[in-house]
Amino acid sequence: MKMVVCGCCATSWRRCVVMSLRLLFLLPAGLPVRSQGESQSDNKQMDNITIRQGETLFLSCSQGDFVTHTAWLNRSSILYAGEDKWSVDPRVSLVTLNQDEFTIKIEDVDLTDEGQYICAVQTSSRPRTTSVHIIVQVPPKIVNLSKDLVVNEGSNVTLMCLANGKPEPAIGWRMLSPSGDSLSSDSEVLEIPFISRYRAGVYECTAANDIAVDTQTVELTVNYPPSVSDGRDVGVTLGQRGVLQCEADAVPEADFEWYRDDRRIFNGFDGIEIEDAGAFSKLTFFNVSETDFGNYTCVAINKLGSANTSIILYVQDGNSGTSTVFTPTCLLLVVLLQLLLKF
């Protein structure tokens with residue numbers, strides 16, 4: 001007995017399914033297709049199905065009585081013809097096939113699975129098709145982000161953040177640290193003209209759609225020349241320990257040099273110790289003598305510049321609590337005064 005499907009006198013069910021599929025794509029949805037026996041085909045369009053990437057999709061259609069052949073098709077490919085699997089995709093499997101229901105399963109759905117699916121049913125009287133369009137939603141993923149940057153103060157900075165996703169994700173930038181800064185942007189590009197040291201910190205890019213949110217961060221380092229805090233003069237009792245301190249703000253961290261008048265002081269010089277720790281430098285006298293008093297200069301240096309401050313070490317009278325600042329000129333006057341008093 002010959003079987004007639006959608007005007008195609010078929011000798012095999014598989015060939016007829018393929019021919020039916022071609023006709024379905026060539027003819028408008030809902031248009032009746034007549035066979036050689038003038039029978040009509042029922043074409044039904046289901047509502048779109050939206051599913052997230054990675055989830056499992058179940059496709060089902062009702063069979064009805066006197067069903068002779070069934071098939072699930074994806075675009076131009078047959079997934080299942082009855083119990084026979086035509087798809088080589090291991091994610092596709094048959095769930096149910098009986099007189100009432102024909103259901104297949106697609107695991108770990110991807111964007112390539114998006115499109116139209118058709119359930120074709122051949123009954124004893126006429127063929128029937130049901131079609132559905134699958135929409136796959138994809139969570140956002142940031143695919144191109146600016147690397148951590150090191151720039152000099154005053155430079156123009158551009159941060160870029162690109163992301164994929166479906167629906168297309170919205171991109172936003174905000175500054176995470178230092179906290180309280182309101183710098184932000186609602187676009188893929190964040191422009192920071194003439195950047196200052198106060199704009200250094202961590203910036204976060206956010207890509208968001210209806211499915212999820214993806215975030216990544218960029219660290220922005222701003223180099224600037226040293227600035228030195230004003231030095232504080234120090235009074236020390238003769239024979240005691242004395243410490244001169246110097247503080248510098250700089251990126252990268254400054255190197256320190258100490259001078260007395262025009263002569264540079266090195267660690268261990270005349271029993272003096274120099275200790276640098278980050279933004280601080282200390283000049284320590286372990287046994288202050290009259291030759292130690294005078295004016296000292298701290299110089300902070302990095303690749304962008306230098307700054308300095310002066311600190312006076314003076315001898316403090318331990319009994320009266322008064323202090324005297326000795327300079328070479330003052331010392332000469334004291335010696336002359338002592339000589340005059342002898343006469």
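Small disclaimer: the values here were computed from a predicted structure and weren't measured.
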Crowding at [atom1], [X] (>12 non-hydrogen neighbours, <6.0 Å):
X: D89; atom1: CG; answer: yes
X: E55; atom1: CD; answer: yes
X: E253; atom1: CD; answer: no
X: N48; atom1: CG; answer: yes
X: N144; atom1: CG; answer: yes
X: R264; atom1: CZ; answer: yes

Tell me if a side-chain donor or acceptor on [X] pairs with a main-chain N or O of [Y] at a distance below 3.5 Å.
X: T309; Y: D230; answer: no
X: W72; Y: G82; answer: no
X: Y80; Y: L94; answer: yes
X: N74; Y: S77; answer: no
X: N302; Y: P252; answer: yes
X: R232; Y: Q245; answer: no
X: E188; Y: C161; answer: no
X: N209; Y: I211; answer: yes
X: N308; Y: C298; answer: no

Kindly give the heavy-atom pair with the smallest separation between [X] and [Y], and that separation in Å.
X: V218; Y: K147; result: CG1-O, 3.5 Å
X: V236; Y: G242; result: CG2-CA, 3.7 Å
X: K105; Y: V95; result: CB-CG2, 3.5 Å
X: P225; Y: E153; result: CD-OE1, 4.4 Å
X: S306; Y: P226; result: N-CD, 4.0 Å
X: A120; Y: L73; result: CB-CD1, 4.0 Å

Would you call [X] and [Y] a side-chain contact if the rule is heavy atoms closer than 4.5 Å?
X: F102; Y: L59; answer: no
X: T217; Y: E204; answer: yes
X: V157; Y: E191; answer: no
X: V121; Y: C119; answer: yes
X: I135; Y: I49; answer: no
X: T158; Y: V189; answer: yes
X: K44; Y: S131; answer: no
X: S184; Y: W173; answer: no

[Y] versus [X], side-chain donor and acceptor atoms under 3.5 Å:
X: Q316; Y: Y314; result: no
X: T68; Y: Q122; result: no
X: S60; Y: T103; result: yes
X: N267; Y: E273; result: no
X: D276; Y: S281; result: yes

Problem - Ring center gap for Y224 and Y198 short of 6.0 angstrom - result: no
Spacing of [X] atom [atom1] and [Y] atom [atom2] [to the nearest 0.5 Å]:
X: F194; Y: N156; atom1: CZ; atom2: CG; value: 5.5 Å
X: D255; Y: K303; atom1: CG; atom2: NZ; value: 12.0 Å
X: L79; Y: Y117; atom1: CG; atom2: OH; value: 6.5 Å
X: L190; Y: M175; atom1: CG; atom2: CE; value: 10.0 Å
X: I195; Y: S155; atom1: CD1; atom2: OG; value: 8.0 Å
X: E219; Y: L176; atom1: CD; atom2: CG; value: 11.0 Å

Handout entry: Parallel, tilted or perpendicular: ring planes of F285 versus Y296, cut at 30 and 60 degrees
Key = perpendicular
Following the transitive rule for hydrophobic clusters with a side-chain heavy-atom cut-off under 4.5 Å over Ile, Leu, Val, Met, Phe, Trp and Tyr, establish whether [X] and [Y] coincide in one cluster.
X: V299; Y: F256; result: no
X: I265; Y: V228; result: no
X: L220; Y: L145; result: yes
X: Y259; Y: L283; result: no
X: F269; Y: V234; result: yes

Exercise for the section: Apply side-chain hydrogen bond (donor to acceptor under 3.5 Å, both in side chains) to the pair E107 and T56, showing each step before the final yes or no. Expected result: CA-CA 4 Å; E107 299 179 281; T56 299; 5.0 Å; no
Practice task
Go through E257 and I301 one step at a time and tell me if the side-chain contact (heavy atoms from CB on, under 4.5 Å) criterion holds.
Solution key: CA-CA 8 Å; E257 295 179 358; I301 306 169; 3.7 Å; yes
Exercise for the section: Report the C-alpha distance between R241 and T284 in whole Å, list the side-chain angles of each, state the deciding distance to 0.1 Å, and finish with yes or no for side-chain contact (heavy atoms from CB on, under 4.5 Å). Expected result: CA-CA 7 Å; R241 183 173 180 268; T284 302; 3.8 Å; yes
Completion exercise
The residue among V151, D148, V150 that forms side chain to side chain contact (heavy atoms under 4.5 Å, CB included) with T221 is V150
Problem - side chain to side chain contact (heavy atoms under 4.5 Å, CB included) partner of L57, the single match among V92, V136, D108, V109 - result: V109
Exercise for the section: List the steps and the verdict of side-chain hydrogen bond (donor to acceptor under 3.5 Å, both in side chains) for D110 and Q53. Expected result: CA-CA 5 Å; D110 202 354; Q53 184 183 43; 2.8 Å; yes
Problem - Pair K166 + E114: basic N to acidic O under 4.0 Å - result: yes
Practice task
Could you tell me whether D113 and R91 make a salt bridge, using a distance below 4.0 angstrom between a side-chain N and a carboxylate O?
Solution key: yes
Problem - Derivation of the side-chain contact (heavy atoms from CB on, under 4.5 Å) call for C205 and I171 - result: CA-CA 7 Å; C205 173; I171 306 296; 3.9 Å; yes
Exercise for the section: Please lay out, stage by stage, how T130 and V132 fare under the test side-chain contact (heavy atoms from CB on, under 4.5 Å). Expected result: CA-CA 7 Å; T130 301; V132 60; over 6 Å; no
